[in-house]
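Atoms within a ligand are numbered from 1 in the order they appear, just like the ligands themselves.
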Amino acid sequence: MRARAPIIVVGSGVAGLVTALAAAPAPVRLLCRRHDGDGTASALAQGGIAAALQAPDHPAAHAADTLAAGAHHNDAAMVRWLCAQAPAAIAWLERQGVAFDRDGDGRLQLGREGGHGAARIVHAGGDASGAALVRALHRRVQQAGHVQWHGGVDVDALLLRDGVVRGVRVCDARGQRHEMQAAAVVLATGGIGALFARTSNPPGAEGSGLALGLAAGAPARDLEFVQFHPTALDVPGGHCLPLVTEALRGAGARLRDAAGRPLMTGLHPQGDLAPRDVVSRRVWQARRDGGRVWLDAGDVRGDWTVRFPTVLAACLARGIDPRRDAIPVTAVAHFHMGGLAVDADGRTGLPGLHAVGEVACNGVHGANRLASNSLLEGVLCGRRLGALLAAADLQTVSRGRSNWVARGNALSPTPLAELRALLWQAAGPERSAADLERAIRSCAPWSADGWQAAVAHRLLDAALARRASLGSHYRVDSALARLAS
Ligand code: SIN
């Protein structure tokens, strides 16, 4: 018997919202933990979207910067496609109602961030770009007749029928479980930053979708590549910390050590705007050596309430006026380049299961993502996957050999906190075989108890296996690292 069932999209960040919109007219059920669509990493994104919009900038230059940041570990064809499509993504977002910041003559304002050879970051609401995108896309989804929003649920199992993913099981706020059939399942569940002791991600970014895909046997790729952002607000004892956007350094802010000396002088030709791994490592080392690190934004011109309202509010809430006072900053886990291995259209290695956005790895970011390429990826890959699903002849097969694959229990708070500290110490901006082996031994007993530990274990194994430093993965014990020090 053949019946029609919806496409199930799990996650309400930019990648999930765009996939759901682009799948029209196919029926979509969008499942997410929150009712209001908040709580995603997309909504916290500050910088904006990179796009080479006008000469002398060119998509080829954007692609060259993306490859250089990614240590040429990227899928070059994906990079060329992403950068060539970026101007069209900006135009499409404007048609969805995103109001990007413009100057007095109506031209798009372009910011500059680390690793970019040109000012090419389009932004909205100053440093509130992600929130502006999520708001506009959420509104479109609410208006779209083909999308049914289903908030307040956690997807904790996949249904396989004759080896093809054909449904999900959700757990609601009362702990009750419900099964849903699907024509196809899309994971758009975001990253893993919250598995580290310090992160710019929201608390829910623990790799729930990655864990589900791994449990079902979907192949993963590049799990060892985690990007650390050099500047989050250094709140002692904090876990999920407010980001202090790189755009501030693009506007003239400078990192300083505890003695007030410029932190990046002599380390890289791009100084404070060097690729993120370089700056993060320097911040990490300075803090490890006992000092605090400060961002001096006193020379940043313009009205902070317009240009940097998010950073301003986060600082003021903690008694720091960044227009006057240096901002205490720390490196944090920010973005996972690795994830479920997908092809250019978002297909995982498991039939019926797709992944998009940070949970997926199509190779576009290589070993280290270039600033402001993540919302871009979410928009473009979401549109591509949605269009593929809209065009496919998707049917639900209700007969066949079925089995459920569950993600398993979540870790309880104490081992979870210990796991975060372990990952931060062993798989942070600096790694070594000895630390990774120790962490794997400590983590092993928890892997059977909680899916967060199973994800961490896979990451640690991948980091141990890659013995040479590359991009964000920095092995202090590799020959190259020894030569550089
Ligand atoms: C930032 O605003 O510094 C972060 C932007 C990004 O992650 O690309």
Asker: What protein heavy atom sits nearest atom 8 (O) of ligand 1, and how far away is it?
Answerer: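 Of every protein heavy atom, Ser372 N, 2.6 Å lies nearest to atom 8 (O) of ligand 1.
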
Asker: Quick one, Thr231 and Val283 - any side-chain contact, counting heavy atoms below 4.5 Å?
Answerer: no

Asker: Checking the N or O distance criterion of under 3.5 Å, is ligand 1 in contact with Gly47?
Answerer: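 Yes, at least one N or O pair falls under 3.5 Å.
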
Asker: Is the closest heavy atom of Arg276 to ligand 1 under 4.0 Å?
Answerer: yes

Asker: Is any NZ, NE, NH1 or NH2 atom of the basic residue among Arg475 and Glu224 found under 4.0 Å from an Asp or Glu carboxylate oxygen of the other?
Answerer: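 No, Arg475 and Glu224 are not salt-bridged.
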
Asker: What residue and atom, counting heavy atoms only, is the protein's closest point to atom 1 (C) of ligand 1, and at what distance?
Answerer: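 Of the protein heavy atoms, Thr245 OG1, 3.4 Å lies nearest.
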
Asker: Is there side-chain contact between Phe100 and His123, with at least one heavy-atom pair below 4.5 Å?
Answerer: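 Counting from C-beta outward, Phe100 and His123 never come under 4.5 Å.
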
Asker: Which bit of Leu243 gets closer than 4.0 Å to ligand 1, counting heavy atoms only: side chain, backbone, both or neither?
Answerer: side chain

Asker: Can you find a non-hydrogen atom of Ala371 under 4.0 Å from ligand 1?
Answerer: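 Under 4.0 Å: yes for Ala371.
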
Asker: Show me which atoms of ligand 1 lie under 4.0 Å from any heavy atom of Glu246.
Answerer: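 The list of qualifying atoms is 1 (C), 2 (O), 3 (O).
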
Asker: For ligand 1, which atoms sit closer than 4.0 Å to a heavy atom of His334?
Answerer: 4 (C), 6 (C), 7 (O)

Asker: Cys381 and side chain to side chain contact (heavy atoms under 4.5 Å, CB included): which partner among Asn362, Leu376, Val18?
Answerer: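 Single side chain to side chain contact (heavy atoms under 4.5 Å, CB included) partner of Cys381 among Asn362, Leu376, Val18: Asn362.
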
Asker: Phe335 and Phe228: aromatic ring centres closer than 6.0 Å?
Answerer: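 No, they do not, as the ring centres are separated by 6.0 Å or more.
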
Asker: Does at least one non-hydrogen atom of Gln227 fall below 4.0 angstrom from an atom of ligand 1?
Answerer: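 The answer is no, since Gln227 has no heavy atom less than 4.0 Å from ligand 1.
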
Asker: So, do His73 and Phe225 have ring centers that fall under 6.0 Å from each other?
Answerer: yes

Asker: Counting each atom of ligand 1 from 1 as listed, which ones have a heavy atom of Arg369 under 4.0 Å away?
Answerer: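 Once the distances to Arg369 are compared, the set is 6 (C), 7 (O), 8 (O).
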
Asker: Find all atoms of ligand 1 within a distance of less than 4.0 Å from any non-hydrogen atom belonging to Gln46, and give their numbers and elements.
Answerer: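 Atoms satisfying the 4.0 Å criterion: 2 (O).
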
Asker: Among Thr66, Asp57, Leu370, which one satisfies side chain to side chain contact (heavy atoms under 4.5 Å, CB included) with His116?
Answerer: Leu370

Asker: So do His354 and Leu187 actually touch side chain to side chain, heavy atoms under 4.5 Å?
Answerer: no

